[in-house]
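Here's the structure, in structure tokens; my notes come after.
Quick note: residue numbers are just sequence positions, from 1.
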Amino acid sequence: MVDHVLDLAATWTAWDGRPVPADDRIYTPHKAIRRVADHMVDHLAEMEARLVGEETQPDHWHASATTTEADLAPFTEADLDEARSRLTRLVRIWANRLDALTPDQLDKSPGTGWTFRQLAFHLEESAYYADSVGDLAADGASASRPDRIPKP
């Protein structure tokens with residue numbers, strides 16, 4: 001999922017600055033990266049809490065319902081470098097944590113909620129945010145074209 005997101009993000013320096021409508025929300029390059037990272041952090045925190053027997057903290061993020069001023073900023077090469085650093089580190093933390101668990105812990109995870117294996121597969125759905133922005137290098141596509149709206 002992270003490789004896919006970063007492949008798309010590599011085209012986002014061509015973004016024309018107009019948010020992309022998808023379903024009942026709008027997306028921008030920064031918002032897509034923010035949502036992918038937040039989703040990974042949220043479920044990592046859940047897994048860590050459950051492993052040590054703590055209650056999970058409810059998340060108070062506004063998620064994709066909110067588009068911040070920062071989300072509307074141009075997406076530069078420096079932003080792409082930051083996204084690469086952030087997401088590759090997060091995916092490495094996830095891989096290390098999952099590799100340290102036994103098959104039993106993966107499939108019969110402590111606490112309530114999805115198993116840790118299910119959580120890991122659930123994170124793949126985060127590609128939706130990047131897919132909403134899309135590949136901006138493809139045929140000179142502009143993010144604001146209505147025919148680029150992803151289908152659920």
Side-chain angles (χ1 to χ4, degrees), residues 1-15 19-68 70-73 75-138 141 143 148-152:
M1 179 272 297
V2 167
D3 287 341
H4 173 71
V5 169
L6 291 174
D7 285 347
L8 289 175
T11 72
W12 295 347
T13 57
W15 181 52
V20 182
D23 297 322
D24 63 341
R25 308 275 163 101
I26 61 170
Y27 293 93
T28 69
H30 284 289
K31 184 175 182 176
I33 296 297
R34 174 174 62 82
R35 290 303 309 133
V36 169
D38 288 355
H39 201 201
M40 293 176 77
V41 167
D42 185 38
H43 286 302
L44 184 62
E46 173 190 353
M47 181 169 52
E48 292 298 325
R50 288 171 55 194
L51 280 168
V52 298
E54 290 179 358
E55 289 292 317
T56 58
Q57 292 182 345
D59 100 49
H60 297 287
W61 290 328
H62 299 287
S64 59
T66 298
T67 302
T68 69
D71 291 336
L72 298 169
F75 194 80
T76 67
E77 286 292 332
D79 294 314
L80 177 58
D81 287 343
E82 292 289 319
R84 284 182 179 132
S85 292
R86 182 174 298 110
L87 295 182
T88 56
R89 282 172 175 74
L90 276 171
V91 79
R92 195 70 243 141
I93 292 168
W94 263 98
N96 290 340
R97 168 40 84 195
L98 292 172
D99 286 347
L101 298 176
T102 66
D104 201 48
Q105 287 174 306
L106 286 169
D107 295 318
K108 296 177 185 154
S109 309
T112 58
W114 290 337
T115 68
F116 298 151
R117 188 182 306 275
Q118 289 170 317
L119 279 180
F121 282 107
H122 166 68
L123 287 176
E124 285 182 308
E125 295 172 17
S126 295
Y128 169 83
Y129 305 117
D131 289 337
S132 294
V133 176
D135 181 343
L136 302 186
R148 294 197 57 262
I149 300 172
K151 302 294 181 214

Exercise. Which is it for F75 and L136 under the side-chain contact (heavy atoms from CB on, under 4.5 Å) test, yes or no, and what are the steps along the way?
Worked result: CA-CA 12 Å; F75 194 80; L136 302 186; over 6 Å; no
When rounded to the nearest 0.5 angstrom, what distance separates [atom1] in [X] from [atom2] in [Y]?
X    : Y    : atom1 : atom2 : answer
D104 : T115 : CG    : OG1   : 11.0 Å
L6   : R84  : CG    : CZ    : 7.0 Å
T88  : I93  : OG1   : CD1   : 10.0 Å
H43  : W94  : NE2   : CH2   : 7.5 Å
R89  : L87  : CZ    : CG    : 11.0 Å
T76  : H30  : OG1   : NE2   : 6.5 Å

Which heavy atom of [X] sits nearest to which heavy atom of [Y], and what is that distance?
X    : Y    : value
E46  : T112 : OE2-O, 4.4 Å
H60  : P58  : CD2-O, 3.5 Å
F116 : Q105 : CD1-O, 3.6 Å
V36  : M1   : CG1-SD, 3.9 Å
S132 : V20  : O-CG1, 3.1 Å
L98  : A120 : CD1-CB, 3.7 Å

Within the structure provided, determine whether [X] and [Y] are in side-chain contact (heavy-atom separation under 4.5 Å).
X    : Y    : value
R97  : E48  : yes
D135 : D7   : no
D79  : W12  : no
S64  : K31  : yes
L101 : R117 : no

For this session: For side-chain contact (heavy atoms from CB on, under 4.5 Å), just list the numbers for I33 and V5, CA-CA rounded to whole Å, side-chain angles, deciding distance to a tenth of an Å, and then say yes or no.
Result: CA-CA 8 Å; I33 296 297; V5 169; 4.0 Å; yes
Problem set entry | T11 side-chain N/O to L8 backbone N/O, donor-acceptor pair under 3.5 Å | yes
Exercise. Do the rings of Y27 and Y129 sit parallel, tilted or perpendicular, given the 30° and 60° boundaries?
Worked result: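 The arrangement is tilted - the two ring planes meet at 30° to 60°.
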Problem set entry | With P19, the side chain to side chain contact (heavy atoms under 4.5 Å, CB included) member among V133, T67, D71, I26 |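 Exactly one option meets the side chain to side chain contact (heavy atoms under 4.5 Å, CB included) with P19, and it is I26.
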